[in-house]
Amino acid sequence: MGENESSDGSGDESPGFRLIVRNLPESAFVEEHIRTNLEQLFLTHGTHATFIYLKSFRRLRVAYMKESQAEAAKSSLHGIVFEKHKLSVYKASSSLTQIFKSGRHLKPPKPERMELISPPPSPPVGWVQSIEAPPVVDYQLQAAVAGLAETGSVVELYAGDGSLPSINVMKCD
């Protein structure tokens, strides 16, 4: 029987002719006897095959050593009904480098400049830190607020609510 790999996709990459099987039943990822039956379908076309179950995609990746085996499996198993699910079998792309070499797909743009955009490590020559102006104090406003209260009494300017505090003024000597 072929090698049965884990569902994380980190299986052996040595077989070069890959197929992707779509529309697998959920039971193929849980029940061992259903997996065995499914693998037997593919092993009839080549005794050395690698099976990688991709549960999150509901797919199976099958890798054969020979292209003729992969082609035979694809042509005979595409469209068959397995556990009340019609399987779709497709050729898998062998690598991204082959895709980019084919020239049929967009390539990333060539970089014009190779520099990072970041702040300078130190200030430029001649740079001087600006001096902040002192805070503006409105003495007339302070006197008017202080005039609202008598010595020792508290005047509430804002009652406050659940999210803001109240503002109280108490005149002191």
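Note on F82 and L77: same hydrophobic cluster, where clusters join Ile, Leu, Val, Met, Phe, Trp and Tyr whose side-chain heavy atoms are under 4.5 Å apart, directly or indirectly. When hydrophobic clusters are built by joining Ile, Leu, Val, Met, Phe, Trp and Tyr residues whose side-chain heavy atoms come closer than 4.5 Å, directly or via intermediates, L54 is not grouped with Y90. Following chains of ILVMFWY side-chain contacts shorter than 4.5 Å, one can reach L141 starting from V169, so the two form part of one hydrophobic cluster.
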Given the rule in the side chain to side chain contact (heavy atoms under 4.5 Å, CB included) test, do L19 and L60 qualify, once you have shown the distances and angles that lead to the verdict?
CA-CA 8 Å; L19 299 174; L60 166 65; over 6 Å; no
As a quick check of understanding, evaluate side chain to side chain contact (heavy atoms under 4.5 Å, CB included) for M170 and S153, giving each step before the final call.
CA-CA 6 Å; M170 185 168 87; S153 66; over 6 Å; no
Run the numbers on K91 and E71 for salt bridge (Lys or Arg N to Asp or Glu O under 4.0 Å), then give the verdict.
CA-CA 8 Å; K91 278 187 176 180; E71 284 294 328; 2.6 Å; yes
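Geometrically, R35 engages Y53 in a cation-pi contact defined by less than 6.0 Å to the ring centre and at most 45° from the axis.
Looking at every heavy atom in both residues, I34 comes nearest to A28 through CG2-CA, 3.9 Å. Closest non-hydrogen pair, N168 versus S166, comes out as ND2-OG, 3.6 Å.
How far OG of S88 is from CG of L24: 9.5 Å, rounded to the nearest 0.5 Å. Distance check: L38 CG to L87 CG gives 6.5 Å after rounding to the nearest 0.5 Å. The distance from the OG1 atom of T36 to the CZ atom of F51 is 10.0 Å, given to the nearest 0.5 Å. H78 contributes atom NE2, which lies 7.0 Å from atom NZ of K86 (distance to the nearest 0.5 angstrom). Here the straight-line distance linking atom CZ of R18 with atom CD1 of I52 works out to 8.0 Å at 0.5 Å rounding. Note that NE2 of H45 is 10.0 Å distant from CD of Q69, once rounded to the nearest 0.5 Å.
A donor-acceptor contact shorter than 3.5 Å links the side chain of H85 to the backbone of E83.
Contact of the V21 side chain with the V62 side chain is registered, since non-hydrogen atoms from C-beta on lie closer than 4.5 Å. Contact annotation: the side chain of P25 never approaches that of K84 to less than 4.5 Å [non-hydrogen atoms, C-beta and beyond]. Within the 4.5 Å cutoff, side-chain heavy atoms of V137 are placed close to those of Q142. Side-chain atoms of V89 and I20, non-hydrogen and from C-beta on, never get closer than 4.5 Å to each other.
Taking the six-membered ring where tryptophan is involved, the planes of Y64 and F42 are tilted, since the angle between them lies from 30° to 60°.
Within 6.0 Å of OH in Y158 there are more than 12 heavy atoms belonging to other residues, nucleotides or ligands.
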